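Since the model is a prediction, treat every value here as computed from it, not as a measurement. Note that the numbering runs from 1 along the sequence shown for the chain.
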Amino acid sequence: MPSAFAFVDLAPQRARLGTRIDDAIGRVLDHGRFVAGPEVDRLERELGAFVHAEHVVTCASGTDALVLTLMALGVGRGDRILVPSFTFAATAEAVVLAGAEPIFMDVDLESCNVEVQNLEDAYAACTDHAGPPPVGCIPVDLFGCPVDYQALASAGARKGMWMLVDAAQSFGALRDGRPVGDLARIATTSFYPAKPLGCYGDGGAVLVRGHDLDALLRSIRNHGQDSRYSIHDRIGTTSRLDTIQAAILLEKLSLLNAELAARNRLAKRYTTHLAGRFETPHIPSGTQSTWAQYTIRVDDRDDLIDRLDRAGVPWAIHYERSLPEQTAYKDYRDPTGSPNAKALARRVLSLPIHPYLTENHQDRVIESLCEA
Ligand SMILES: *Cc1c(COP(=O)(O)O)cnc(C)c1O
């Protein structure tokens with residue numbers, strides 16, 4: 001049976017904004033500064049204020065945000081970087097694109113995130129063998145729940161590693177009451193349409209704090225030019241956020257607080273009805289997820305999927321395989337064997353969650369899961 005409603009539905013948000021998006025796009029069409037227009041600067045300031053980042057450098061995608069940052073950090077051939085085994089491929093892909101070598105670290109079975117022990121185990125296992133020690137690590141705020149930034153940054157620093165957090169799913173999340181731009185020296189995010197803050201195309205940003213990386217990032221995203229046109233001081237690339245996307249994001253940003261509250265309410269409601277029957281997401285105290293995904297862990301996934309399909313309930317799997325099990329990444333090193341990531345890939349099931357999901361539709365999800 002086809003789904004009776006969408007897994008992610010962007011239409012109600014557009015309706016709520018009325019003509020504001022169309023008007024914002026119209027203003028860009030009128031002024032004609034399609035690249036580096038005034039909306040981009042304004043957006044960078046407003047994003048920084050929202051997540052308490054000192055500097056925000058927007059770019060063409062969340063993947064590019066990672067690649068630009070790795071370039072700015074001087075990462076290249078011969079460098080090894082720890083990335084989670086259980087994440088969207090872009091985290092590891094960016095390392096390869098930057099010319100370096102991703103080394104996988106396992107995640108925690110409960111949080112699905114990298115914890116200090118996972119970082120230390122992977123570091124120890126890979127330095128047991130030949131080759132240089134990793135120079136950095138990229139934990140991921142999976143499903144929108146922030147990692148323990150402080151503990152991971154200190155654990156990494158003890159080994160001489162820098163930390164960059166892939167916050168593609170967690171823009172607006174809190175850990176110990178602090179937003180991601182306040183917690184990290186460097187974090188990246190994505191504005192892919194289905195992310196908690198999405199544009200109408202591709203977009204991304206680097207969030208910087210206590211660092212002078214922002215000027216370098218601005219240069220790299222614009223062909224290695226500094227402020228003067230046609231003076232190239234370094235190798236860069238072309239990765240700017242379109243002014244139209246910035247104008248769209250400015251309108252959407254005004255709804256984000258209310259939307260995050262709605263996601264949180266829906267997540268609580270899922271947990272109230274599903275905890276006990278299924279392994280529901282574990283969010284540490286003082287932490288607020290963006291609920292980019294509401295992902296439960298189940299043993300009889302195929303049966304449940306059949307049941308959801310019969311009821312017309314949409315679902316998704318994030319992610320079907322751990323990265324070391326993916327053909328594209330099978331030759332990269334996974335020194336601990338990542339047993340947790342492999343187990344999670346077989347057990348995770350994401351349920352529909354977005355700010356405009358109705359309680360009626362949510363009840364349908366809950367009922368079809370619980371009809372035993
Ligand atoms: C979506 C996502 C990205 C990539 O973002 P794009 O904007 O699609 O390039 C990177 N990492 C994670 C964890 C993501 O979920």
Inset, instruction - Quick one: list whatever passes salt bridge (charged side-chain N to carboxylate O under 4.0 Å, His left out) with Arg45, sequence neighbours left out. - result: none
Legend entry - Residues Ser111, Glu115; criterion side chain to side chain donor-acceptor pair (under 3.5 Å); working and verdict: CA-CA 8 Å; Ser111 67; Glu115 304 293 341; 2.6 Å; yes
Inset, instruction - Using distance alone, with no hydrogens and no angle criterion, decide if Ser350 and His318 have a side-chain donor and acceptor under 3.5 Å apart. - result: yes
Legend entry - Carboxylate-amine/guanidinium proximity below 4.0 Å for Arg218 and Glu44: yes
Legend entry - Salt bridge present between Arg234 and Asp226 (N-O < 4.0 angstrom): yes
Legend entry - Sole candidate of Arg14, Arg20, Gln13 that passes side chain to side chain donor-acceptor pair (under 3.5 Å) when paired with Glu251: Arg20
Inset, instruction - Drop me the distance from Lys330's NZ to Leu323's CG, to the nearest 0.5 angstrom. - result: 14.0 Å
Inset, instruction - Check Thr188, Val206, Val75 against Leu164 for a side-chain contact (heavy atoms from CB on, under 4.5 Å) and give me the one that passes. - result: Thr188
Legend entry - Backbone of Gly286 reached by a side-chain donor or acceptor of Asp176 within 3.5 Å: no
Inset, instruction - Please determine if Arg269 and Glu359 form a salt bridge, counting it only when a charged side-chain N lies under 4.0 Å from a carboxylate O. - result: yes
Inset, instruction - Say whether Asp166 and Thr91, considering side chains only, have a donor N or O and an acceptor N or O under 3.5 Å apart. - result: yes
Legend entry - Lys159 with Glu120: basic N within carboxylate O range, under 4.0 Å: no
Legend entry - Geometric class of the Phe50/Phe171 ring pair [parallel <30°, tilted 30-60°, perpendicular >60°]: parallel
Inset, instruction - Indicate the atoms forming the closest heavy-atom contact of Ile366 with Leu274, along with that distance. - result: CG2-CD2, 4.2 Å
Inset, instruction - Decide, yes or no, whether a salt bridge links Glu46 with Arg42 under the criterion of side-chain N to carboxylate O below 4.0 Å. - result: yes
Inset, instruction - Answer with yes or no whether the side chains of Tyr319 and Thr87 bring together a donor and an acceptor at under 3.5 Å. - result: no
Legend entry - Pairing of Arg346 and Glu325 as salt bridge, 4.0 angstrom limit: yes
Legend entry - Mutual orientation of the aromatic rings belonging to Phe5 and His361 [parallel < 30°, tilted 30-60°, perpendicular > 60°]: parallel
